[in-house]
Structure formats: C-alpha cells, structure tokens
Amino acid sequence: MALDMEFGQEILYGEREMSRTKPLHSWDVTCREAVAIQKIFREKLILCDESPPVEIHSIAGADISYSRGDDRFFGAVVILSWPAMEILEIASSVAQVPFPYVPGLLSFREGPVLLKAFDKLKQRPDIIIFDGQGIAHPRGIGLASHLGLFLNLPTIGCAKTKLVGTFEEVDQERGCHTNLYHKGSVIGAVVRTKNRVRPVFVSQGHRISLPRAVEIVLNCCRGYRLPEPVRQAHLAVNRLREAAPPPCKTRISAPESDPAPSEIDSIRPHSKE
DNA sequence: GCGACAG
DNA sequence: ATCTTGTCGC
C-alpha cells in the first residue's frame, strides 16, 4: 500500500532529534522514550469524523501472532469489501520481536511488523480496525491511534479486554453498548457484538468519532464476537504462522533422525528422562 | 502494601 | 499473546 511513510517518519523522528538512519521498522526505544513519543503523538490525533464524510468501500483488519521459543513475529492485514465483507486483499509479514510486552506500550511491540505488512498492500483501505485499544489507553494513544497517525487513515481500536477505564455492565443483547470512562471523560464504548457473549472494547483510533466507530464495528460483525476484519486477520496470521518453517532454535540439540545408540534398541517404549 | 495490567 | 482439557449450550 502506498503508506504515508513520510508523515510517519516525520512524526516519529522529527520530534526526537535523532538521526533518520534507523530503519522505520525497528523502533529500538527505551520505555522512557516510548512514553515520551506517545505524549507527543497524542496531541496529533484527530478525534472526529472526516468532513465531508468518507464513503466506505473497503475496511481492513490487522493482527499479529507468535509462539513461544520463537523470536519471530507474524503480522497480517486483510482488506474486506464494505458492506459485503468479502476478502479483497491480504498482506503479511515476518519480523523479529522488537520490544517486550509492556502494558501501554503495545505499539512498539506490534507496530513494526504490522506496518511492514501494510506496506505490501496494493490498495489503501478506507478505514482500519485494530486488535487493541485506540484512545482507551493510559496516555490516550493505543495501538490503533498510533498506527492511524503513521498510516494517516481513519482507525478504530477494538480490544477483547479492558486496559483502563470504568464502565457499567452492558445489556446482553447484540448492539447494546455503554460508555467507558477514564478520568472523567468518555474514552470508548463497551460493545456487545453478539448475544450473551463478552463485549468488546471499542475506542477511537484516529480521524473518527466514537459513535461512528461503534456503528462500524457493529456493522462488521457476522455472527461472531469479533468484527470480520479483525477476525479474518487473526485467521490469516495463524495460517501464516503454521505454514511457516519452524523457528531457528538457539539451543543446539541432537537431531531426531540420528538418535543416540542407547535409544535405538531401548526396551522401554518411552522413558521420560 | 495491594491490585490492575491491550497483546 | 501462548499453552492446555474438558465442558456447557445452541
């Protein structure tokens, strides 16, 4: 996809007085730097709908996957048609895990591999849903908001669990939703996307209003808890990981095709060390 | 000091 | 997120 890389690089590097020699996809930062970046980026978010309103023809979902003992990250982006929810394009990527999991700093862990996948897309979606928070975040800038700035596209955060905030229980019927509050403000919505199933946490990412974000998420659901874009991205990334060659193990072990002599004619079928 | 804590 | 076995319900 024609990424707005210049915009992304400008806001990432321009404010930090650091050299532009580091590749975009390796955000090697300290937690302290990451927090500083978030505070700067937070000011750049646009939290209202486009004017004039953008007509939606396509919508994308993004997700990542990895497994233990593997230092690789798999990322996938799926673009679906609107409102039919038919798959138009899929892009994927593999990258090294760049940053540990720290609640509140997920962008720096999942962002690079996702941007790498977005860069491979041929078309630009009209809007993107992420598997994570938008502004429902301690500093008001979760994964969806952060990448919305990078991609310069409208984005929505749709997380499976809460990061911050308080809320009243939601009615059990699909379509019901309540506000998510934090420090006296509405930062998102708790949305029931399926009858009697745990709600999801929807929040504005970038260039969108909360009512519209909720409406779009609900209109993307097709009988499952997660909206189709996110669900399809999840499926795509898991297919990718399972089809990928096994991880390069750091630890050296004897090949199983060449068992030690004592194991070949072992009388006991399985000796558990 | 005790919870809470996107993925 | 990943790992993991069974189990409740439409």
Side-chain angles (χ1 to χ4, degrees), chain A residues 27 31 34-35 37-38 41-42 45 61-77 92-117 128-149 155-167 172-174 180-183 187-206 210 213 217 222-227 229-231 233-242 244 246-247 249:
Chain A
W27 294 354
C31 289
V35 167
I37 290 170
Q38 288 182 329
F41 284 18
R42 174 63 183 83
L45 288 178
D63 195 19
I64 66 102
S65 175
Y66 63 97
S67 56
R68 274 192 182 172
D70 191 343
D71 57 354
R72 296 171 303 177
F73 254 6
F74 296 88
V77 182
S92 57
S93 64
V94 183
Q96 298 296 301
V97 177
F99 200 82
Y101 172 68
V102 180
L105 299 179
L106 191 64
S107 305
F108 297 88
R109 180 171 172 82
E110 299 197 354
V113 71
L114 289 180
L115 286 179
K116 192 173 172 183
I128 311 164
I129 304 181
F130 285 91
D131 180 12
Q133 313 290 353
I135 63 169
H137 175 279
R139 289 167 294 281
I141 177 154
L143 178 69
S145 300
H146 201 129
L147 294 195
L149 284 170
T155 58
I156 297 170
C158 180
K160 296 182 291 297
T161 60
K162 182 190 80 172
L163 176 58
V164 291
T166 58
F167 61 98
Q172 294 293 319
E173 286 70 44
R174 166 182 156 76
L180 179 64
Y181 298 94
H182 185 56
K183 294 181 176 176
I187 59 169
V190 187
V191 182
R192 193 81 65 178
T193 53
K194 182 179 179 183
N195 289 347
R196 300 181 54 83
V197 167
R198 279 183 305 153
V200 296
F201 295 77
V202 176
S203 57
Q204 301 159 76
H206 180 46
L210 182 57
V217 165
R222 290 294 182 277
Y224 296 89
R225 179 189 179 216
L226 297 182
V230 169
R231 199 176 76 87
H234 189 75
L235 293 173
V237 81
N238 281 331
R239 284 196 302 267
L240 175 70
R241 181 163 66 87
E242 284 162 26
K249 291 178 182 175

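Chain A is the first sequence line, chain B the second, and so forth, proteins listed ahead of strands; every chain is numbered from 1. Being a predicted model, the structure only gives us computed values, none of them experimental.
- Scanning DNA chain B 5' to 3' for nucleotides with an atom closer than 4.0 angstrom to a non-hydrogen atom of chain A gives a first and last hit of B/dC5 to B/dG7.
- Taking the side-chain hydrogen bond (donor to acceptor under 3.5 Å, both in side chains) definition, one finds that A/H234 meets it with A/D63, A/N238, sequence neighbours left out.
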Inset, instruction - Report, as a single string ordered 5' to 3', how protein heavy atoms within less than 4.0 Å touch nucleotides 5-10 of chain C: B base, S sugar-phosphate only, - not at all. - result: ------
Contacts under 3.5 angstrom, residues 128-143 of chain A side chains, donor-acceptor by atom type, not counting sequence neighbours:
unit_1 : atom_1 : unit_2 : atom_2 : d
A/D131 : OD1    : A/K160 : NZ     : 2.8
A/D131 : OD2    : A/K160 : NZ     : 3.0
A/Q133 : NE2    : A/T161 : O      : 2.9
A/H137 : ND1    : A/R139 : N      : 2.9
A/H137 : ND1    : A/G140 : N      : 3.4
A/H137 : ND1    : A/I141 : N      : 3.4
A/H137 : NE2    : A/G104 : O      : 2.7
A/R139 : NE     : A/Q38  : OE1    : 2.6
A/R139 : NH2    : A/Q38  : OE1    : 2.8
A/R139 : NH2    : A/G104 : O      : 3.3

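- In terms of the ring pair (Phe, Tyr, Trp, His ring centres under 6.0 Å) criterion, A/F74 has no residue partners (sequence neighbours excluded).
- The side-chain contact (heavy atoms from CB on, under 4.5 Å) search around A/A213 returns A/I156, A/V202, A/I208, not counting sequence neighbours.
- The nearest pair of heavy atoms linking A/R192 to A/Q172 is NH2-NE2, 3.4 Å.
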Inset, instruction - For DNA chain C, produce a single dot-bracket line, 5' to 3'. Pairs: Watson-Crick or G-U wobble, both distances under 3.5 Å. Symbols: ( ) within strand, [ ] crossing, | other strand, . unpaired. - result: ..........
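- With sequence neighbours excluded, the residues forming a side-chain contact (heavy atoms from CB on, under 4.5 Å) with A/Y66 are A/I64, A/F73, A/R109, listed by chain and number.
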Contacts table for residues 92-99 of chain A: side-chain donor-acceptor under 3.5 angstrom, sequence neighbours left out:
unit_1 : atom_1 : unit_2 : atom_2 : d
A/S93  : OG     : A/V113 : O      : 2.7

Inset, instruction - Any chance you could encode DNA chain B as dot-bracket? Rule is Watson-Crick or G-U wobble with both distances under 3.5 Å; [ ] for pairs crossing earlier ones, | for another strand. - result: .......
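- A/Q133 comes within 4.0 angstrom of a nucleotide base, judged by non-hydrogen atoms across all strands.
- Under the side-chain contact (heavy atoms from CB on, under 4.5 Å) criterion, A/R231 pairs with A/Y224, A/L226, A/E228, A/L235, not counting sequence neighbours.
- Among the heavy atoms of the strands lying under 4.0 Å from A/R241 are primed sugar atoms or P, OP1, OP2 only; no base atom is included.
- For the segment residues 156-166 of chain A, residues with any heavy atom less than 4.0 angstrom from an atom of DNA chain B are, sorted by number, A/A159, A/K160, A/T161, A/K162, A/L163.
- Base contact: A/L105 has a heavy atom under 4.0 Å from a base atom.
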